[in-house]
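Structure, as structure tokens:
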2 protein chains.
Amino acid sequence: MNLVLGDLNRWRLDPLQAVAPQLRLILRSRIIRNDLRPMSRLSEPELAKHYAVSRQPVREAFITLVNEGLLEIRPQRGTFVKRIDYQSVLDGRFVREAVEADIVRLLAANPDPALIRELRHQIAGQADVARRNFSHFIELDEAFHRTLAHAAGVESAWEYLNAIKSQMDRVRFISNEEFPVARLIKQHETVVDTIERSDRDAAEQAMRAHLREILNALPKIQTLYPDYFEGSPSNPD
Amino acid sequence: MNLVLGDLNRWRLDPLQAVAPQLRLILRSRIIRNDLRPMSRLSEPELAKHYAVSRQPVREAFITLVNEGLLEIRPQRGTFVKRIDYQSVLDGRFVREAVEADIVRLLAANPDPALIRELRHQIAGQADVARRNFSHFIELDEAFHRTLAHAAGVESAWEYLNAIKSQMDRVRFISNEEFPVARLIKQHETVVDTIERSDRDAAEQAMRAHLREILNALPKIQTLYPDYFEGSPSNPD
DNA sequence: ACTTCCCTACTACCATACAAGTCAACGGAG
DNA sequence: CTCCGTTGACTTGTATGGTAGTAGGGAAGT
């Protein structure tokens, strides 16, 4: 069985920069976007040949992706795209809710008009691309939440949440139909509104409700694509 | 200038397991315990020779430690123990406060007598080793907080916080004198008491107060050891 | 028909060699 | 003495070969 190459060659390597980090980004993106599917096999030599590099940088990219929970290396057996750990998604969502609830509380305590304007501007952009380009919407969604963290003065806190966001985004890319984009945007608006009128409790609740949205979609998706998950109720491994 | 080897050879490598992960754990532990100090240089070939392995596994261990924010590889220049990013410690603490506040709220909503007993047992152990062995106390402290996460059903959430804990522990190991262990243990007791009597707000506040304790020590330590930090007010890089 | 063993084709892991960039010391020119 | 270019000993990054372990298929034995 050979590797699922797809349109892998859309990506180009910059010969001036180190190869391993570039491969890391490429593979990471492809896994999150479900272009490389769970349990599919990644062959070190095959990828190396395809990019005309040696096996070593490929291997180093693999190692970093193992640390991010996206790959699984089974020694002397092979390297595979990790299935999505159901419980980890739930727990990651829990972490995000806790952190971002505190963030909006901070912001609502002392609303900054410039920030409100910026957020409203971003939301307008989200509405623009809403249905057309789901992948683009996720980027804008990422930017929105990152802006909140930045405004609260805890931007590096957001870095800590990257691995969490990755797993949640994987779920979204498996089946974007399950995510009511219009509603998500409405929730963004509610968050901004409550911050603007300095209603800390309402802002916190709005953010918590927003981040619980995935709880509606997750079970459906797990039922539709059970093979993509592990550690789930119906697939306890 | 050569590497600070110290009593590096206290550690032994198990020839049956892969070398790179073992090196990763050894180096990680030495960095967190401030045995390898910020900005000190780590030489790939020197470490390789010392452990009688090749450069490759050493290099792979380095890469994982870069991802954990403990090392910094400057290409063609050298590999150095990263200085502690002041803002990252603050933001990491912020994340922990948010998450663990929600955790104890969950636990207080439905207190489990068996859990309360277990936690009290752990606290007794903490008091035992309190002054004698600071390193051991930190391990028990880690176990305490992990037990809370486990009981709340979000143990894998705790995994996401590991990198945060690492940086905070580095601060503690730089100068353990600044940390009033007796008070920390008292705060643990307060957390357990409030959970037991199902006082959610009090439990949350107790945990938040507990995790703000490092805010007292951090500025002092930064003043005493400015070279160990970067991104701090007085050392803005 | 079923089990056991071996052989082959893989794999990840490690060792070694090579390439390319960095930096400091040295030495000669002005 | 000062300045600048060169050199050479470092560094990390990449390439490639070798080793041990795994899995699967087929042959031999029960």
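Proteins get letters first, then strands, A, B, ... in listed order; numbering begins at 1 in each. Worth knowing before you read on, the calculation uses all heavy atoms, side chains too, and leaves out hydrogens, waters and symmetry mates.
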Which nucleotide wins on minimum distance to the side chain of [X], given the candidates [options]?
X        : options                   : value
Gln56(B) : dC13(C), dG13(D), dA15(D) : dA15(D)
Pro57(A) : dA12(C), dA15(D), dA15(C) : dA15(D)
Ala18(B) : dC14(C), dA15(D), dT14(D) : dC14(C)

In terms of side-chain geometry, is the basic nitrogen of [X] or [Y] positioned less than 4.0 Å from the acidic oxygen of its partner?
X         : Y         : result
Arg208(A) : Glu97(A)  : yes
Arg33(A)  : Glu139(A) : yes
Glu68(B)  : Lys165(B) : no

Need one value for Ala48(A): base, sugar-phosphate or nothing, where a base atom within 4.0 Å counts as base even if backbone is also close, heavy atoms only. nothing
Stepwise side chain to side chain contact (heavy atoms under 4.5 Å, CB included) test for Gln56(B) and Arg59(A): CA-CA 11 Å; Gln56(B) 213 55 49; Arg59(A) 174 174 168 74; 5.8 Å; no
OP1, OP2 of [N] versus side-chain N and O of [X]: anything below 4.0 Å?
X        : N       : answer
Arg59(A) : dC13(C) : yes
Arg77(B) : dC23(C) : yes
Thr79(B) : dT11(D) : no
Ser54(A) : dT14(D) : no

Distance check needed: [N] [atom2] versus [X] [atom1], whole Å only.
X        : N       : atom1 : atom2 : answer
Lys49(B) : dC14(C) : NZ    : P     : 20 Å
Gln17(B) : dG21(D) : CD    : P     : 14 Å
Leu16(B) : dC14(C) : CG    : C1'   : 15 Å
Gln22(B) : dC14(C) : CD    : C1'   : 13 Å
Arg74(A) : dA20(D) : CZ    : P     : 24 Å
Gln76(B) : dA9(D)  : CD    : C1'   : 15 Å
Leu71(A) : dA12(C) : CG    : C1'   : 14 Å
Glu44(B) : dA17(C) : CD    : P     : 16 Å

Nearest heavy-atom contact between Arg83(B) and Glu230(B) is O-OE2, 3.7 Å
Polar pair under 3.5 Å, donor/acceptor by atom type, side chain Arg55(B), base dG13(D): yes
Comparing Pro75(A) and Ala52(A) on DNA chain D - which has the more 5′ nearest nucleotide: Ala52(A)
